[in-house]
S.K.: 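First the structure, which I've put down as C-alpha cells, then a few questions once you've had a look.
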Amino acid sequence: MGPHPAVAAIRLAVRRVLHDVLNDITLPDNLTPLHEPPPPPLVLVACSGGADSMALASALAFEAPKLGIRAGGVTVDHGLQEGSDTRATEVVNRLAALRLDPVEAVAVTVGRGGGPEAAARDARYAALDAAAERHGAAAVLLGHTRDDQAETVLLGLARGSGIRSLSGMAAVTGAGRYRRPFLQLDRQTARKACMVQSLPVWDDPHNTDPAYTRSRLRHDGLPALEKALGKGVVEALARTAQLSRDDADALDDWAAEADASVRDESGQLECVKLYALPPAVRRRVLRRAAISAGSPAGSLFARHVEEVDRLITGWRGQGVINLPGRVEAQRQGGRLVIRQG
C-alpha cells in the first residue's frame with residue numbers, strides 16, 4: 001500500500017525539483033578517476049513551521065537521500081512576535097527530527113521600508129541568501145502553494161502595474177537558487193500531508209491578522225470571489241500567472257532585441273524609432289534604459305515609465321522627468337536622454 005495521496009503529491013513535486021537541481025549542477029570537465037568526487041550537493045528548505053513548509057521539509061527529507069542529495073533546513077526568526085525565538089528553536093528541533101542536517105535558526109531585524117510585509121520579506125530573503133552562501137547550498141526550497149500564487153496575482157492586479165505583476169511567482173528565481181515545488185499544489189494538500197504524517201504545524205497569527213493585506217485577501221477576498229464566481233478561481237488565477245509570465249517573458253526578449261535598433265551611432269535613444277515600436281515593447285525599452293542609468297528596479301513603477309513614454313508619444317515641450325535613484329529623463333533634439341542627474 002502506497003503513501004496517502006497528499007503525501008505522494010508533495011513527494012513527487014519535490015522529486016521533480018531535485019532532479020532539476022541535479023541537472024543544473026555543472027561538474028568540472030577535467031575530473032579523472034584519481035580526483036576526489038565532489039561532495040553531495042546540499043539543498044535547504046526554508047521552514048516557518050507552518051503546514052506548507054513543514055510538508056515541504058518532510059518531502060525533502062524523504063526524497064533527497066534517494067538521489068544522493070544532502071538535505072538541510074533554515075528557519076528565520078523575524079522577531080515580530082513575543083516568543084518568536086522559542087518558536088524558531090521548536091522548528092529547528094522538528095527539522096532535526098526529520099533528519100535534516102544542517103539545520104539552523106537565523107534571527108533578523110525587520111526594517112520599515114515598503115511596509116511591514118515587504119520589509120519582513122526583504123529581511124527573510126537576505127537571511128536565506130546568507131545561509132545558502134554559508135553552507136554552500138545548491139538550492140533553497142520555498143513552500144509557496146497554488147493558493148499563494150492566486151493571492152499574488154490578485155495583489156498584482158490591484159497594483160495595476162502591467163502583465164509582469166500578473167505573472168505571480170516563478171518556479172525558479174534568484175539565478176536558480178530559489179525553487180518553489182508546490183506552485184501547482186493547493187494549500188489543503190500540504191496541510192493534509194502534515195496531518196496524515198502526524199507532523200506538528202504552527203499557524204502564524206499574522207496569516208489571520210486583518211492588518212495585513214494578504215491576510216484580508218486570503219480570508220475575505222478570495223472566499224468572496226469563489227462565492228460569486230464558483231469554485232476554480234484559485235486554479236484559474238494560477239493559470240493566468242503562467243500565461244502572463246510566458247507573455248511577459250516574450251515581450252522582454254523582444255524589448256532586449258529592439259533596444260539596439262532604436263539607438264544611434266553614439267548609443268542615444270532615437271525618439272522616432274521608439275515611437276514606431278508597439279507600446280508594450282517601447283515601455284520595456286524605456287524601463288531597461290532607466291534601470292541601466294541607475295534607477296532601482298523595485299522603485300521604478302509603471303507611472304514613472306508612462307511619464308517617460310509621454311516624452312515620445314505626447315511631446316509638448318515637457319521638462320525633465322525625475323525618476324527614482326536620481327535618474328533624469330528628457331528629450332533633446334530628437335533623442336531621449338536618460339541619465340543620473
Side-chain angles (χ1 to χ4, degrees), residues 3 7 10-11 13-15 17-22 25 38-110 120-145 148 172-174 176-182 190-191 193-204 206-207:
V7 176
I10 64 169
R11 289 177 177 175
V14 168
R15 190 184 318 142
V17 166
L18 293 181
H19 277 294
D20 291 341
V21 171
L22 287 175
I25 295 174
L42 170 67
V43 173
L44 299 174
V45 57
C47 186
S48 67
D52 301 341
S53 57
M54 280 303 298
L56 183 58
S58 72
L60 176 63
F62 183 83
E63 293 291 340
K66 298 195 293 184
L67 296 173
I69 294 174
R70 291 183 298 135
V74 179
T75 187
V76 178
D77 174 12
H78 298 85
L80 298 176
Q81 301 167 21
E82 187 176 346
S84 63
D85 54 342
T86 302
R87 193 168 300 109
T89 300
E90 291 174 355
V91 173
V92 165
N93 291 337
R94 290 172 188 171
L95 294 177
L98 290 170
R99 298 188 178 180
L100 297 185
D101 182 39
V103 293
E104 67 172 338
V106 181
V108 298
T109 301
V110 176
R121 183 176 60 250
D122 290 345
R124 180 166 60 254
Y125 277 100
L128 292 174
D129 279 336
E133 294 288 343
R134 190 164 56 249
H135 294 291
V140 179
L141 305 189
L142 305 174
H144 297 115
T145 65
D148 296 306
V172 181
T173 52
R177 168 169 288 169
Y178 294 105
R179 314 273 176 148
R180 297 177 173 87
F182 287 176
R191 185 168 289 276
C194 288
M195 187 175 71
V196 299
Q197 295 179 101
S198 300
L199 291 174
V201 299
W202 171 66
D203 290 315
D204 186 347
H206 281 172
N207 290 337

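Numbers here are sequence positions counted from 1. Just the heavy atoms: all of them, side chains too, but no hydrogens, waters or symmetry mates, feed the values below.
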S.K.: Is there side-chain contact between Thr173 and Arg180, with at least one heavy-atom pair below 4.5 Å?
M.R.: yes
S.K.: Does the pair Glu63/Arg15 count as a salt bridge with the N-to-O cut at 4.0 Å?
M.R.: yes
S.K.: Do you know the tightest heavy-atom contact between Ala51 and Val201?
M.R.: CA-CG1, 3.7 Å
S.K.: State, to 0.1 Å, how close Ala57 and Leu100 come at their nearest heavy-atom pair, and which atoms those are.
M.R.: CB-CD1, 4.3 Å
S.K.: Could you give the side-chain donor-acceptor pairs of residues 89-99 under 3.5 Å, partners two or more places apart or in another chain?
M.R.:
unit_1 : atom_1 : unit_2 : atom_2 : d
Thr89  : OG1    : Asp85  : O      : 3.1
Asn93  : ND2    : Thr89  : O      : 3.3

S.K.: From Asp77 CG over to Thr86 OG1, what is the distance, rounded to the nearest 0.5 angstrom?
M.R.: 9.0 Å
S.K.: In Å and rounded to the nearest 0.5 Å, what is the NE2 to CG distance from His144 to Leu56?
M.R.: 10.5 Å
S.K.: Is the closest side-chain heavy-atom distance between Leu67 and Leu22 below 4.5 Å?
M.R.: yes
S.K.: With respect to Leu142, which candidate in Asp148, Leu128, Val45 satisfies the side-chain contact (heavy atoms from CB on, under 4.5 Å) definition?
M.R.: Leu128
S.K.: Atom CD1 of Ile69 and atom CG of Leu18: how far apart are they, to the nearest 0.5 Å?
M.R.: 4.5 Å
S.K.: Considering all heavy atoms of both residues, which atom of Val140 and which atom of Ala132 are nearest to each other, and what is their separation?
M.R.: CG2-CB, 4.0 Å
S.K.: Using a 3.5 Å distance criterion without hydrogens, assess whether the side chain of Thr75 forms a donor-acceptor pair with backbone atoms of Ala88.
M.R.: no
S.K.: Going by heavy atoms in the side chains, are Val21 and Arg179 under 4.5 Å from each other?
M.R.: yes
S.K.: Starting at CZ of Phe182, measure out to CD1 of Ile10 and round the result to the nearest 0.5 Å.
M.R.: 5.0 Å
S.K.: Could you report the tightest heavy-atom contact between Leu60 and Gly72, atom names first, then the distance?
M.R.: CD2-O, 4.0 Å
S.K.: For Val43 and Arg70, what are the C-alpha separation, side-chain angles and deciding distance, and is it a side chain to side chain contact (heavy atoms under 4.5 Å, CB included)?
M.R.: CA-CA 6 Å; Val43 173; Arg70 291 183 298 135; over 6 Å; no
S.K.: Are the side chains of Val17 and Leu141 in contact, using a 4.5 Å heavy-atom criterion?
M.R.: yes
S.K.: For Ser53 versus Ala46, what's the shortest heavy-atom pair and its separation?
M.R.: CB-O, 3.5 Å
S.K.: Should His78 and Ser84 count as side-chain neighbours, where that means a heavy-atom distance under 4.5 Å?
M.R.: no
S.K.: Please examine the side chains of Pro102 and Leu42, heavy atoms only from C-beta on, and report whether any two atoms are closer than 4.5 Å.
M.R.: yes
S.K.: Please name all residues satisfying ring-ring contact (aromatic ring centres under 6.0 Å, His included) with Tyr125, sequence neighbours left out, ordered by chain then number.
M.R.: Tyr178
S.K.: Are the side chains of Gln197 and Met54 in contact, using a 4.5 Å heavy-atom criterion?
M.R.: no
S.K.: Taking all non-hydrogen atoms of both residues, which atom of Ala55 and which atom of Ala190 are closest, and how far apart?
M.R.: CB-O, 3.6 Å
S.K.: Taking 4.0 angstrom as the limit, do Arg177 and Asp129 come out as a salt bridge?
M.R.: yes
